[in-house]
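Read through the structure below, which is laid out as structure tokens, and then see the notes.
Sequential numbering from 1 along the given sequence is applied to the chain's residues. Computed from a prediction, not measured in an experiment: that's the story for all the values here.
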Amino acid sequence: MKPYERRQQILTYLASNGRTDVDVLSDYFQLTGATIRKDLTALENQGKVLRTYGSVVLVSEEHVENKQAEDRDDKPLVQKTEINLVKKQLIGKKAVSLINEGDSIIFDAGSTVLQLIPHLTHLTNLSIMTNCLTIFREIVKLNKSYNLLISGGSYREKSESFHGYFAELAFKSSTFDTLFIGTDGFDLDVGLTTFNEVYKVSSLMCDAAKKVVVLADSSKFGRKSPNIVCGLDKIHTIITDSNLPEEMREQIRAKNIELLIV
């Protein structure tokens with residue numbers, strides 16, 4: 001069978017079966033891994049498929065999946081908090097073990113980062129800055145004498161956070177020990193990505209911190225959103241749950257990123 005004919009059959013298969021693991025395609029068409037990857041690369045270059053972590057999907061279907069993911073990820077913060085809540089709570093509890101007395105910290109807005117706050121109670125000497133009104137309020141409830149700062153800026157109701165010129169300016173002129181940040185997607189090639197168009201503040205947080213710690217449940221890995229927040233070179237540690245595939249774990253560690261599993 002000629003390559004063109006084989007690739008048309010691959011497109012037909014994907015149209016019928018949706019997102020498919022690359023190994024499944026290799027077995028179905030009785031092709032070597034090298035051959036199927038060559039076919040998929042050709043189809044991707046033609047703009048007909050999109051390859052993600054270990055799988056492939058028709059471009060039109062990917063657009064639908066991205067819209068569904070965007071709708072899910074752009075929910076109000078209070079609703080996002082309920083998604084994978086137990087995993088987020090475990091991740092938040094583990095994250096606190098990376099904080100020491102006297103540290104200066106940035107908390108980015110996000111439902112997973114929010115789960116870290118209740119576990120701060122044993123720490124008394126911290127400098128904390130955030131752009132998230134909800135996180136700010138939860139820290140105040142702890143009744144601790146932290147040096148607590150909140151950025152100014154334009155208020156975004158869905159994420160309950162501040163963005164724009166004044167928020168960006170606050171982090172441009174700051175230096176902190178550690179940033180704790182969530183993400184809409186994690187891609188092994190580009191790093192942290194988001195659907196949110198007001199992501200510049202988060203990018204500047206990454207520049208302002210000596211260490212970037214990513215808090216993300218396993219559903220976020222292998223997902224690529226349009227806007228790049230932070231490259232892999234800036235990420236020091238990732239905390240996620242035990243559902244993360246072993247192959248992805250190995251690839252993350254190969255990037256010299258500390259990976260903590262809860």
Side-chain angles (χ1 to χ4, degrees), residues 14 17-27 33 50-57 61-62 64-75 77-99 107-119 179-196 202 211-226 228-232 234-262:
L14 292 173
N17 295 276
R19 182 181 293 276
T20 304
D21 288 346
V22 174
D23 290 342
V24 171
L25 285 177
S26 181
D27 291 340
L50 182 65
R51 296 167 67 185
T52 57
Y53 177 69
S55 65
V56 62
V57 67
E61 184 177 340
E62 179 67 18
V64 173
E65 291 185 358
N66 277 347
K67 184 63 172 65
Q68 291 172 340
E70 181 176 2
D71 291 342
R72 179 177 64 249
D73 290 331
D74 203 32
K75 289 179 181 294
L77 182 61
V78 65
Q79 293 182 25
K80 289 175 67 175
T81 300
E82 299 303 317
I83 301 172
N84 295 325
L85 178 58
V86 174
K87 292 178 181 178
K88 291 176 180 179
Q89 289 172 334
L90 292 172
I91 291 169
K93 184 176 181 179
K94 182 65 176 179
V96 173
S97 68
L98 303 181
I99 302 175
F107 291 136
D108 191 17
S111 58
T112 308
V113 176
L114 180 61
Q115 300 309 311
L116 181 157
I117 306 306
H119 303 288
L179 162 66
F180 292 90
I181 185 172
T183 186
D184 291 335
F186 177 89
D187 183 87
L188 277 167
D189 294 322
V190 300
L192 305 186
T193 65
T194 184
F195 288 107
N196 193 340
S202 297
K211 291 183 180 180
V212 175
V213 178
V214 179
L215 311 184
D217 67 78
S218 55
S219 69
K220 304 298 180 66
F221 292 81
R223 287 171 50 186
K224 185 177 180 180
S225 304
I228 300 173
V229 175
C230 175
L232 292 177
K234 293 183 179 179
I235 299 173
H236 182 273
T237 303
I238 294 173
I239 307 178
T240 189
D241 62 81
S242 59
N243 289 336
L244 188 69
E246 187 61 39
E247 185 177 357
M248 176 64 87
R249 299 184 193 193
E250 294 174 359
Q251 291 177 323
I252 290 172
R253 289 175 175 132
K255 299 288 187 180
N256 295 319
I257 297 173
E258 180 184 30
L259 181 63
L260 303 178
I261 305 294
V262 298

Please round to the nearest 0.5 Å and tell me the distance separating atom [atom1] of [X] and atom [atom2] of [Y].
X: Asp108; Y: Ile181; atom1: CG; atom2: CD1; answer: 4.5 Å
X: Gln251; Y: Leu259; atom1: CD; atom2: CG; answer: 12.0 Å
X: Asp217; Y: Leu90; atom1: CG; atom2: CG; answer: 11.0 Å
X: Leu14; Y: Leu25; atom1: CG; atom2: CG; answer: 5.5 Å
X: Ile239; Y: Leu98; atom1: CD1; atom2: CG; answer: 5.0 Å
X: Ile91; Y: Asp241; atom1: CD1; atom2: CG; answer: 5.5 Å

I'd like to check [X] versus [Y] (side-chain heavy atoms, cut-off strictly below 4.5 Å). Are they in contact?
X: Thr240; Y: Ile261; answer: yes
X: Leu188; Y: Met248; answer: yes
X: Val212; Y: His236; answer: no
X: Val229; Y: Thr183; answer: no
X: Gln89; Y: Pro118; answer: no
X: Leu116; Y: Ile99; answer: yes
X: Phe186; Y: Leu192; answer: yes

Against Ile235, only a single residue in Val213, Val214, Leu179 fulfils side chain to side chain contact (heavy atoms under 4.5 Å, CB included); can you say which?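 Among Val213, Val214, Leu179, the one that satisfies the side chain to side chain contact (heavy atoms under 4.5 Å, CB included) with Ile235 is Val214.
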Give me the atom names and distance for the closest heavy-atom approach of [X] to [Y].
X: Lys88; Y: Ser111; answer: NZ-OG, 2.8 Å
X: Lys87; Y: Ser218; answer: NZ-OG, 4.2 Å
X: Ser26; Y: Gly33; answer: OG-N, 4.0 Å
X: Leu215; Y: Ala95; answer: CD2-CB, 3.7 Å
X: Val113; Y: Phe180; answer: CG2-O, 3.7 Å

Checking the side chain of Thr20 only, and the main-chain atoms of Gly18 only, is there a donor and an acceptor separated by less than 3.5 Å? yes
The criterion is side chain to side chain donor-acceptor pair (under 3.5 Å); which residues satisfy it with Lys94, sequence neighbours excluded?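 If we apply the side chain to side chain donor-acceptor pair (under 3.5 Å) test to Lys94, skipping adjacent residues, there are no hits.
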Val96/Lys93 under side chain to side chain contact (heavy atoms under 4.5 Å, CB included): CA gap, chis, key distance, verdict: CA-CA 6 Å; Val96 173; Lys93 184 176 181 179; over 6 Å; no
Going through the distances and angles, do Lys220 and Arg223 end up as a side chain to side chain contact (heavy atoms under 4.5 Å, CB included)? CA-CA 6 Å; Lys220 304 298 180 66; Arg223 287 171 50 186; 3.7 Å; yes
